[in-house]
Amino acid sequence: GTAGSNGFYTSDVTIKWTVTESESDFSTQGCETRTFTEDGQYYQFCQADSEGGTTVRWATVPRDATGPAIDVYSPWYPPAQIPSRYPRGTTVSAAYSCTDAVSGMATCQGDVANGQNLDTSTAGTHTFTVHAEDAAGNHSTKAIPYIVVAPTALTVFDASATYGGAASLAARLTSDG
């Protein structure tokens, strides 16, 4: 398999035992070739018995070929995949976490640290990205779009009405961004 970090393999691992004994006949137990295709910690043994005695060998196979999971709570990106909208200048704190069930986490970093404010200073579409690496060396990235909207103003510049009659209203809707 492919060697990752901290003793983990990051791909399928095949163990093939070779047993030789030139002086007598022998029998083996547990020495089958085996391929590990799932993440986890595996143990394989091979026992050889001959007139000269018994020899047992163990192999440990720590396998983690899956990148860490990243959850982003803010900015919110619902399952319908419609980016959240925030008024320009609003305080929005980043909130995210990273987990890895097999080898554990090495790093989990967003564009800003957990609890720090996202950029809402300019109107438009923005992206908040989190990068994660597990202890085996697998990487994951999650990018969450969000939209900053410019404030709008409604200015009434003329209004008139008669009691019990029609009303007239003149207004202007403006946006500064």
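Computed from a prediction, not measured in an experiment: that's the story for all the values here. Just the heavy atoms: all of them, side chains too, but no hydrogens, waters or symmetry mates, feed the values below.
Val130 and Met105 fall into different hydrophobic clusters, defined by Ile, Leu, Val, Met, Phe, Trp and Tyr side-chain heavy atoms under 4.5 Å apart, directly or through other members.
Ring orientation note: the planes of Phe45 and Trp58 are tilted relative to one another, at an angle of 30° to 60°.
Contact detail for Pro75 and Val72: the closest heavy-atom pair is O-CG1, 3.7 Å. Residues Ala136 and Thr10 share a closest heavy-atom pair of O-CG2, 3.6 Å. Considering all non-hydrogen atoms of both residues, Ser24 and Glu51 come closest at OG-N, 3.6 Å.
With a 4.5 Å cut-off between side-chain heavy atoms of Ile, Leu, Val, Met, Phe, Trp and Tyr, the cluster of Val149 takes in Ile147. In the hydrophobic clustering (ILVMFWY side chains linked at under 4.5 Å, chained through shared members), Val13 is joined by Tyr9, Ile15, Trp17, Phe36, Tyr42, Val61. Other residues sharing a hydrophobic cluster with Ile82 under the 4.5 Å side-chain heavy-atom criterion for ILVMFWY residues do not exist; the residue is a singleton.
Under the 3.5 Å distance criterion, the side-chain polar atoms of Thr2 are left unmatched by any main-chain donor or acceptor of Ser11. A side-chain donor-acceptor contact under 3.5 Å links Ser140 to the backbone of Pro68. Counting only distance, with no hydrogens or angles, the side chain of Thr127 and the backbone of Ala143 share no donor-acceptor pair below 3.5 Å. Using modelled atom types, one side-chain atom of Asn6 and one backbone atom of Ala135 make a donor-acceptor pair closer than 3.5 Å. A donor-acceptor pair is defined here as one N or O able to donate and one able to accept, closer than 3.5 Å; no such pair exists between the side chain of Asp71 and the backbone of Ser97. Listed for the Asn114 side chain is a donor-acceptor partner under 3.5 Å among the backbone atoms of Tyr96. A donor-acceptor pair is defined here as one N or O able to donate and one able to accept, closer than 3.5 Å; such a pair exists between the side chain of Asp64 and the backbone of Thr66. Between the Thr120 side chain and the Thr90 main chain, a donor and an acceptor come within less than 3.5 Å of each other.
Applying the salt bridge (charged side-chain N to carboxylate O under 4.0 Å, His left out) definition to pairs two or more places apart or across chains, those involving residues 1-18 are Asp12-Arg63. Screening residues 73-114 for disulfide bond (SG atoms under 2.5 Å apart), with sequence neighbours left out, gives Cys98-Cys108. Residue pairs satisfying the salt bridge (charged side-chain N to carboxylate O under 4.0 Å, His left out) criterion with at least one member in residues 123-146, sequence neighbours excluded, are absent.
Separating the CD atom in Gln44 from the OG1 atom in Thr33 is a distance of 8.5 Å, to the nearest 0.5 Å. Of the inter-residue distances, the one linking Ser93 atom OG with Gln116 atom CD reads 7.5 Å to the nearest 0.5 angstrom. Distance check, rounded to the nearest 0.5 Å: CG of Asp111 to OG1 of Thr129 gives 4.5 Å.
Residues Thr122 and Val148 have side chains not in contact (no heavy-atom distance under 4.5 Å, counting atoms from C-beta outward). The shortest side-chain heavy-atom distance between Val19 and Cys46 falls under the 4.5 Å cut-off. In this structure, Ser74 and Phe128 have side chains that are not in contact, with every pair of non-hydrogen atoms separated by 4.5 Å or more. Between Tyr146 and Asp119, the closest side-chain pair of non-hydrogen atoms falls below 4.5 Å. Put simply, the side chain of Leu118 reaches to within 4.5 Å of the side chain of Val112, judged on heavy atoms.
Test Thr28, Thr54, Thr55 against Asp49 for side chain to side chain donor-acceptor pair (under 3.5 Å) and you get one pass: Thr54.
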